[in-house]
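Here the structure comes first, spelled out in structure tokens, and everything after it is commentary.
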Amino acid sequence: MHFTAPALVAILSASVAVAAPTASNDKPSYDKDQYKKDCKKDWDNKWENNDWKKNEKLFYFDKEFYVKATPDQVISTAGVPTPGQPGAKGIFKYGINIAENTICYNITLSGVTGNYQSMAATATHIHQADKGKAGPPRIAFPNPRGPDERRVSYGCLTGPFFTNTTNAATGKDNGADFHVKEIVANPSGFFTDSHTASFVQGAVRGQLA
Ligand SMILES: *[C@@H]1O[C@H](CO)[C@@H](O)[C@H](O)[C@H]1NC(C)=O
Ligand SMILES: *[C@@H]1O[C@H](CO)[C@@H](O)[C@H](O)[C@H]1NC(C)=O
């Protein structure tokens with residue numbers, strides 16, 4: 001469709017008039033009642049048309065990761081290769097929803113023994129660093145629990161994230177300003193790991209891509 005300039009002006013001013021500009025500026029005011037009505041209509045539509053039932057996915061992830069973590073990938077905080085626990089391995093599965101700044105996790109460790117240990121709030125993390133490099137934790141997950149043959153941890157976390165480690169430059173928590181969209185944008189810039197008392201630099205580590 002093609003509109004002449006005057007026609008467009010007419011259309012635009014008509015729509016602005018409907019949205020009732022405020023006196024203080026030109027922005028249309030936000031009509032709370034209309035918003036509520038729209039939300040209810042949307043919900044009623046879904047209810048009546050069984051939209052949720054028809055959808056295959058009830059939880060939406062922009063991106064999913066399946067990461068194999070091994071002892072040989074561990075790098076110390078000084079940036080030096082420092083092998084983790086011999087024979088240990090981990091499968092770290094993640095699902096990320098960008099709009100909700102939410103990450104769901106399903107972590108299984110096998111052959112990781114002894115107590116967890118870390119300066120951070122937990123000892124199971126996503127850190128920001130390329131392969132072979134060290135970097136700060138951005139997300140701290142509840143540590144996998146269970147027998148040493150199969151320790152598991154699953155659930156979801158939503159930002160702002162808390163690692164209990166401080167960014168020296170900002171004085172804020174390393175997770176505070178972190179958004180999961182950064183992982184989706186550059187997965188190879190992130191790794192995941194678990195630290196134990198015997199393998200403080202990491203028992204296993206895996207790069208997200
Ligand atoms: C986690 O993954 C394991 C398989 O590795 C599966 O058996 C289990 O059901 C998953 N847990 C959740 C909460 O999805
Ligand atoms: C955070 O770390 C401090 C020590 O630096 C500790 O006293 C505190 O218990 C930790 N809090 C959590 C929730 O991990």
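Just follow the structure's listing: the first ligand is 1, and inside any ligand the first atom is 1.
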| said: Show every salt bridge (Lys or Arg N to Asp or Glu O under 4.0 Å) that has at least one partner inside residues 160-176, sequence neighbours left out. | reply: K172-D177

| Without hydrogens or angle criteria, can the side chains of N174 and T165 be said to hold a donor-acceptor pair below 3.5 Å? | yes

| field | Residue pairs, two or more places apart or on separate chains, that pass salt bridge (Lys or Arg N to Asp or Glu O under 4.0 Å) and touch residues 141-159 | value | D148-R151

| Under 4.5 Å side-chain linkage, directly or through intermediates, the cluster mates of Y66 | I91

| remark: Ordered by chain then number, the protein residues lying under 4.0 Å from ligand 2 by heavy atom are A121, F162, N164

| query | Looking at K93, which atoms of ligand 1 are within less than 4.0 Å of one of its heavy atoms? | reply | 1 (C), 2 (O), 3 (C), 4 (C), 5 (O)

| query | F190 pairs by ring-ring contact (aromatic ring centres under 6.0 Å, His included) with which of F178, F65, Y94? | reply | F178

| Should the pair D42-K46 be classified as a salt bridge under the 4.0 Å nitrogen-to-oxygen rule? | yes

| task | State, yes or no, whether a side-chain contact exists between Q117 and T196 at a heavy-atom distance under 4.5 Å. | result | no

| field | Contact check: N106 vs ligand 1, nitrogen or oxygen atoms, below 3.5 angstrom | value | yes

